[in-house]
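Presented below is the structure to which this report refers.
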Amino acid sequence: MIVAEQKPIKTIADLIEDSNKVLLVGCSACVAVCLAGGEKETEVLASALRIKRKQEGKPLETVTKMVTRQCDPEYIATLDDSVEDVDTIISLGCGVGVQYLAERFYNKWVIPALDTKFAGGSIEHGQWEERCGLCGDCILHRTGGICPIIRCSKSLLNGPCGGSQDGKCEINKDVPCAWHLIYERMKSLGKLDKLLEIQPPKDWSRSRDGGPRKVTREDVFID
Amino acid sequence: MSANKVGAVLVVGGGIAGIQATLDLVESGYYVYLVEQSSTIGGNMSKLDKAFPTDNSSMSILAPKLVEFGSISSIQYFTNTQISEVAGEAGDFKVKLSQTPNTADTKVCTNYVTPVELPNAGQDISGDDNGKSGDFEVNVGAVILCPGGETFEADQIEYLGYNKYPNVVTSIEFERILRTSDKQSVIRPSDNKKVNKIAWIQCVGSRNIRDEKHYCSCVCCMYAIKEAVCAKQYSDDEVDTSIFYMDMRTYGKDFEKYYEEARDDHGVNFIRSRIYAIEETKDGSNNLLIRYGDDKGEIHHEEFDMVVLSVGFKPSDSAVQLGNNLGIKLNDFNFAETTPFTSVNTSKPGIYVAGIFGGPKDIPETVIEASAAAGASEELLSDVRGTMIQEKTYPPEKDVSGEEPRIGVFVCNCGNNIGGVVNVPKVVESAKALPYVVYSQEFLYTCSQDSQEIIKQKIEEHSLNRIIIASCSPRKLKYYFQETIREAGLNRYLFEMVNIRDQCSFVHMNEPEKATEKAKDLVKLSVNKAGNIESLNEAPVNINPKALVIGGGVSGMTNALNLAKQGYQAHIVEKSDRLGGNARRISTDFNNQDVQSYLNQLVDEVNSNTNIQVTTQASVSKVDGYVGNFVTTLSNNEKIEHGVITIAIGGHEYKPNEYLYNEHNAVLTQLELEEEITANNTRVKNAKNIVLIQCVGSREPDRRYCSRICCNKSVKMALQLQEMNPDANIYILYRDMRTYGFNEENYRKARKQGVIFIRYEVDNKPQVQTDGKDLKVTAVDHILGENITIDADIVGLAAAILPPEDGIKLNQIFNLSLSDEGFYRECPFRGSWGFSHKEMRPVDFASEGIFVAGLAQGPKSIDESIAQAKATASREATILNKNSAKSSGIIAVVQREKCAACYTCARLCPFNAPRIINYAAEIEPILCQGCGICAAECPNKAIILQNYSDVIFTNMVDELYREVH
Amino acid sequence: MDNFEPKIVAFCCHYSAYSADLAGSMRLQYPPNVRIIELPCSGTIDHKVLLSAVEDGADGIFVAGCMEGDCHFTRGNYRAKKRVEKVKEILDEIGFGSDRLEMYNVSADNGTRFAEIANEMTERIRSLGPSPFNKKEGDKN
Amino acid sequence: MNTNSHLEKVFNSGEFVVSAEIGPPKHASAEGMHHYADVLRDYVDAANITDNQTAVVRISSIAGGVHLNNKNVCPIIQMTCRDRNRIAMQADLLGAYSLGINTILCLSGDHQIFGNHPTSKNVYDIDSMHLIQTVRKMRDEKQFMCGEEIKNQEPRFFVGAVANPFGDPFEFRVDRLEKKVEAGAEFIQTQCIFDMERFERYMEEVCRRGIDERVHIMAGITPLKSWKAARYIGNNVGGMIVPDEIVERLKGAEDQKAEGLNIAVEQINHVKKIKGVHGVHIMAIAWEEKVPEIVERCGLYPRPKFD
């Protein structure tokens with residue numbers, strides 16, 4: 001899932017300083033699961049903003065709405081009736097959601113309430129970890145199912161670097177060295193020989209470095 | 001045994017054991033007469049401040065149990081009552097009871113609950129018959145004796161100075177000091193000054209040869225440690241605590257850790273010693289001077305502010321008299337004797353014993369025995385189950401859904417308890433002005449029988465569909481009033497209760513106006529809530545009356561057999577090729593009873609019982625479903641449908657790495673040595689010197705627990721070995737001799753007969769060496785401080801009892817709680833919303849319908865395993881006897897369309913109630929205990945706790961502050 | 001301001017609410033400013049309920065759960081504590097201040113402690129004065 | 001001889017090689033570098049110029065190399081993969097060679113989090129392994145990384161790489177060294193060695209596999225100024241082990257600096273005897289003046305000269 005985290009309330013409040021009525025839009029997908037933008041968080045944020053503004057003598061009117069996914073236009077369309085009289089739309093979706101809202105409601109000021117962090121998963125309740133670098137060219141079959149692109153601080157393809165000690169990365173003792181993990185896993189799988197091959201340089205053109213990406217399924221897409 | 005059995009049981013004694021046995025029996029379909037000779041229910045436990053080792057408050061465990069008492073209608077209880085005569089036989093006893101007139105204050109109000117005063121008997125709520133005073137007779141099928149015990153009279157040992165010096169107190173008195181303390185200091189009796197230095201003296205009245213009380217009272221070591229830790233925690237200043245002891249007997253589950261933490265983290269001093277005298281100092285300070293000899297025999301003097309005597313337990317005189325009246329056999333110390341391998345059967349069929357009257361023990365063990373005794377009674381009376389219980393019938397429930405709320409508010413004056421401070425008429429007036437309130441009135445006593453009739457009448461007259469009672473604490477009377485409105489055809493959950501007595505009149509006595517304002521507010525809040533609550537259904541779930549018993553050892557078989565004899569099906573799954581488990585390797589128990597013939601008989605009984613099915617060489621590979629409706633798949637692909645699960649997968653003996661085990665063939669574990677003794681092996685028979693080493697692999701940093709039975713076992717084996725060869729020298733090398741309870745008798749006998757006991761320190765363990773042929777054991781004599789070397793022919797190692805080998809694997813299926821060591825962690829002291837009696841559950845898990853028995857839960861003896869297996873059966877019977885079970889009404893429900901299937905609820909639920917099914921969470925009503933943790937945490941607000949939704953709370957808060965807007 | 005009588009709302013778990021009832025049985029006297037709303041477990045409380053109390057003009061708010069390690073639902077009181085901490089953090093962040101909100105732990109059998117909490121909280125709120133959103137008191141000033 | 005590198009010459013002569021390290025300044029004056037060049041000139045065979053070491057901005061290693069060349073000290077320019085993509089790196093290789101630089105050390109580089117621009121993006125387009133391959137490919141096959149031919153003068157570098165015998169997993173360290181040799185490294189400078197026992201074990205495995213026949217290994221030595229420095233390195237630098245004996249020895253010394261030099265001299269004399277070690281690389285961090293003394297005391301002075 002996409003893992004996101006809420007921005008400081010003060011930052012959000014500053015962004016809507018001139019608004020009198022705002023629409024807060026939560027998303028029931030990834031950001032709900034990572035406890036950043038579901039109904040609960042949306043209502044808590046709305047309440048906090050109202051309290052702040054009430055205190056400042058400039059009461060804020062809020063409307064809160066949930067959509068199933070902010071990354072599908074049809075769901076965004078369900079908000080059509082709610083945006084008319086609001087000054088600002090606050091999205092509690094990931095970066096994708098904010099843009100979909102901004103595209104649909106072209107003449108409205110849309111602001112992000114979340115910082116979109118990474119593609120990852122749950123460790124346990126309240127903790128998530130990055131797992132995928134969205135590089136567009138998966139090599140996990142060569143690295144024991146552990147991604148060095150995103151889990152090695154240097155994205156080395158032929159690690160570990162000299163900074164790996166006790167299985168930890170040099171940048172922080174709490175960060176496991178991905179290459180150490182790769183080594184251990186390959187060893188347990190009896191595939192250490194694969195690590196002796198020099199992995200070729202990565203084709204970054206399939207990643208974001210190749211420009212904004214688009215996927216078209218030719219077999220289902222009709223122009 | 002009588003042919004005309006009676007489906008009722010007489011429970012004697014209203015302590016924790018009596019309460020537990022009663023509740024189990026009632027829930028399983030039997031009628032109970034509970035008889036208590038004092039004027040209150042509660043027993044010894046209500047005198048304690050906290051229970052060890054979890055440090056939970058005793059009252060919070062006991063109070064809900066007592067409360068529940070009042071709400072079950074198949075109990076009659078009699079206080080101030082004693083048994084005068086018993087006639088008849090098992091299945092059909094006629095018991096004469098005599099009751100002395102009730103001396104307690106007969107208040108009209110029924111709801112006085114304070115920490116020390118417990119609810120008075122004498123009310124119509126519970127169907128009590130205290131009016132009966134005088135002699136009368138009851139007819140029962142079985143009798144369970146749990147009269148409890150008394151503490152030893154400390155003034156009988158003169159040199160301890162009890163009753164002579166004010167600051168020498170007993171441990172029970174010290175509990176009271178703790179309970180009433182301000183939690184900032186501990187005060188001593190002589191001058192009410194804070195104490196800074198306290199001593200505990202162990203074994204007061206226990207292990208005392210002079211006094212012929214040479215049994216160990218089992219619990220004193222632990223309670224002394226608990227008190228010492230509490231004394232430190234309850235004091236803002238540093239308090240020095242010292243415990244003077246002979247052997248530290250922290251043999252129970254998690255006790256050793258508690259001991260280590262007290263010593264290492266809390267800084268409690270432990271002094272191995274003998275006490276010579278306690279005297280007051282001469283300076284008039286009322287301080288005390290203890291004269292004691294340490295373990296090297298050196299004499300010391302030390303001054304303390306206060307001394308606590310850890311008094312032991314004994315049967316009360318009245319219990320002894322009771323035993324004699326009933327003609328049951330008592331042992332040398334006047335405790336009730338139990339027949340071999342029954343753990344709760346007295347010498348007289350149909351009469352069972354539980355708790356301290358059967359021998360000293362702690363609270364969880366008492367509760368286990370109580371359930372076991374209930375289980376044994378249920379086995380005896382299974383043909384007549386349910387014959388004495390009448391199902392109460394109610395008028396059909398009115399459907400009020402869609403109706404506008406019509407609220408009735410009844411305000412209690414409580415004599416003058418409320419009305420003396422709170423202006424009740426004003427509260428009634430203000431209630432009338434609130435939205436949806438169509439009726440309000442005051443009562444002098446809302447809880448009186450007349451008032452109930454009026455309430456019912458008003459419900460009818462005004463078509464009321466929500467009822468609020470503003471009176472006292474809902475803890476006891478909520479169920480009573482809910483019963484009233486149900487009788488009037490309303491759903492029980494259309495009810496709210498406000499406590500304007502304990503929260504208003506009693507606490508704001510000098511501010512009547514403000515107290516009235518507050519009462520009005522509280523009523524307003526509850527009216528607001530009442531407008532938003534709905535009828536709730538207690539979802540019925542069918543119960544499959546069959547148990548799956550995992551493990552075919554003594555625990556599993558006992559459990560299955562008890563259930564089978566109660567008429568339920570049991571299916572035993574055993575992974576080896578035959579039944580028997582660890583007991584196959586044991587010759588005799590600690591009382592020298594033949595285990596093998598008992599075991600063979602048990603196996604025969606199991607095999608011939610048509611209600612029991614046995615699958616050997618199989619294990620559990622998958623479990624689906626929930627309480628009442630489990631479906632288990634075995635490794636042989638057999639599918640079993642059942643209602644409950646007993647986990648009795650045993651444990652196993654540690655294979656030592658130490659003391660040349662595996663290197664020399666004369667170094668054996670306890671079980672291996674026992675096998676050689678049984679086989680009458682010549683090398684054992686001819687051995688000149690036999691050394692038994694204790695605590696091998698137990699009480700070590702990576703296994704911080706005592707294996708509990710090894711001391712008893714080594715002592716027993718020493719006596720056996722001596723019998724085989726009277727000339728043999730037998731040495732036992734130990735750290736603390738933990739021959740708890742009546743096992744102390746064997747220890748005493750062994751010492752008297754010349755078994756040599758040598759204590760060693762953990763940092764100076766004995767050495768076992770060999771030249772390849774002979775064995776030499778070297779140890780340091782703790783008195784002389786010198787090395788002793790023994791040429792040993794046989795070395796026996798008391799190897800630790802390890803958790804079940806399959807425990808972790810099995811637990812991946814069950815997802816239950818395991819202790820750090822890997823034993824199954826039972827669920828004591830956990831409760832559920834709504835007073836269902838789950839307050840103390842030493843054989844239950846947090847997951848409903850799953851129970852544990854035997855070694856899988858922790859080290860224990862055969863008798864203890866049997867007790868636990870029966871207790872488990874009794875607890876299971878409370879589920880299996882019902883055709884269907886009902887969930888609580890207050891449960892969490894999922895709005896599927898909002899659910900993101902994020903797993904938050906499933907991860908957080910302590911009861912494993914939510915599961916993700918078809919891409920959304922579902923909460924199994926029967927498992928949900930209504931805590932609402934999932935509802936609060938649900939990121940999409942897809943979960944609502946019925947009648948406790950966020951909207952209800954925000955509306956209430958809105959209402960509370962409305963006037964200020 | 002001298003006559004300011006704060007109105008404090010207390011979200012008490014079933015068991016800690018029992019301590020309030022016990023305070024009554026023990027006839028302990030404490031200020032009449034607290035209104036209890038009972039929850040099955042302190043872990044039932046949602047962030048937004050606490051915030052809505054602030055919005056409504058509550059002068060003081062507290063949540064009471066069982067003693068730590070003693071929750072009847074294993075860890076509900078730890079969750080409540082975390083939620084109260086979070087709401088305090090939000091209130092600080094938006095400049096409202098977090099002093100009007102508190103989390104307490106009290107065991108069912110400790111009436112004394114409940115009375116202490118009621119005292120403590122009343123004193124604290126008295127010295128803070130009425131909630132800025134408390135209109136009635138606001139008018140007085 | 002593959003290149004004109006002075007360092008390569010010394011290795012080929014069979015002499016025990018000595019190199020040192022110069023950290024370029026954080027400003028635009030070359031004076032300091034000139035000074036150190038003068039100090040080191042007759043005592044070392046070559047000197048490393050670090051590439052924005054610990055991710056702190058400094059004079060670039062190529063510019064530094066030019067300054068050393070001007071002072072007649074053979075520069076080993078370090079090149080990390082952190083700051084440049086493959087285009088910039090190949091461009092710099094062409095440029096460096098055109099300026100008379102012929103010895104290079106390829107590394108992945110310290111993470112920018114340690115430097116003075118922790119918010120910068122790291123590049124790591126290619127890693128050190130790829131860089132070694134690229135330098136060799138440009139030299140030996142006259143091709144750019146993409147395969148395109150270098151139509152005129154190709155850059156001809158003597159190629160070095162680094163190895164850390166103290167990183168984890170230990171047993172994979174020799175494998176990775178071998179990978180670097182496989183990729184084309186001709187000499188190796190190791191991370192500072194304090195734990196001799198572990199280094200010896202490492203070298204044993206290196207020799208057992210015959211890697212010492214294929215590459216020149218230079219042992220990294222760092223003189224310590226104080227016990228605190230020793231402890232700091234041990235605790236805070238990833239992949240470094242400083243045994244307690246060294247810390248204790250410095251702690252107990254009357255003159256910690258003198259003792260630090262003594263230890264370094266002993267260490268060099270020790271590694272000289274280890275099979276497979278062909279030279280020593282002295283990393284006297286901010287203590288370059290002491291290098292001559294160390295070299296002399298180890299009997300490594302004078303250094304060989306070639307025409």
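Computation of the quantities below employed the complete heavy-atom set of this structure, encompassing side-chain atoms and omitting hydrogens, waters and symmetry-equivalent molecules. Quick note on labels: first sequence line is chain A, next is B, and so on, each numbered from 1.
- With D:Asp195 contributing its side chain and D:Arg198 its backbone, the two residues share a donor-acceptor pair below 3.5 Å.
- Heavy-atom neighbours of chain D within the stretch residues 121-150 of chain A, taken at a separation under 4.5 angstrom, are nonexistent.
- For chain A, the nearby parts of D:Asp168 are the backbone and the side chain; heavy atoms of each come within less than 4.5 Å.
- Between chain D and the residues A:Asp166, A:Asn172, A:Asn158, the largest count of heavy-atom pairs under 4.5 Å involves A:Asn158.
- Of the listed residues (A:Cys177, A:Gly167, A:Gly159), the greatest number of heavy-atom pairs within a distance under 4.5 Å of chain D belongs to A:Gly159.
- Note on A:Tyr183, A:Trp204, A:Trp179: by heavy-atom pairs under 4.5 Å with chain D, the leading option is A:Tyr183.
- The residues A:Glu56 and A:Lys52 are annotated as salt-bridged, a charged nitrogen and a carboxylate oxygen being separated by less than 4.0 angstrom.
- When heavy atoms are compared at a cutoff of 4.5 Å, D:Asp125 approaches chain A by way of both its backbone and its side chain.
- The closest donor-acceptor contact from the side chain of D:Asn52 to the backbone of D:Thr80 lies at 3.5 Å or more, if one exists at all.
- Heavy atoms of D:Arg173 lying under 4.5 Å from chain A belong exclusively to its side chain.
- Judged purely by atom type and a 3.5 angstrom limit, D:Thr134 uses its side chain to pair as donor or acceptor with the backbone of D:His130.
- Listed for the A:Ser164 side chain is no donor-acceptor partner under 3.5 Å among the backbone atoms of A:Cys161.
- Per-residue heavy-atom pair counts under 4.5 Å with chain D were compared for A:His180, A:Lys202, A:Lys173, A:Lys187, and the maximum is reached by A:His180.
- Contact count against chain D (heavy-atom pairs under 4.5 Å) is highest for A:Pro160 among A:Gly162, A:Pro160, A:Gly163.
- When heavy atoms are compared at a cutoff of 4.5 Å, D:Phe114 approaches chain A solely by way of its side chain, counted from C-beta outward.
- Panel note: side chain A:Gln70, backbone A:Val25; a donor-acceptor pair is recorded below 3.5 Å.
- If you check the side chains of D:Glu21 and D:His281, you find a donor sitting under 3.5 Å from an acceptor.
- A:Ser19 and A:Thr88 share a donor-acceptor pair across their side chains, judged by distance under 3.5 Å alone.
- Among the residues in residues 100-111 of chain A, none has a non-hydrogen atom closer than 4.5 angstrom to a non-hydrogen atom of chain D.
- Looking at D:His111, the atoms closer than 4.5 Å to chain A (heavy atoms on both sides) sit in the backbone and in the side chain alike.
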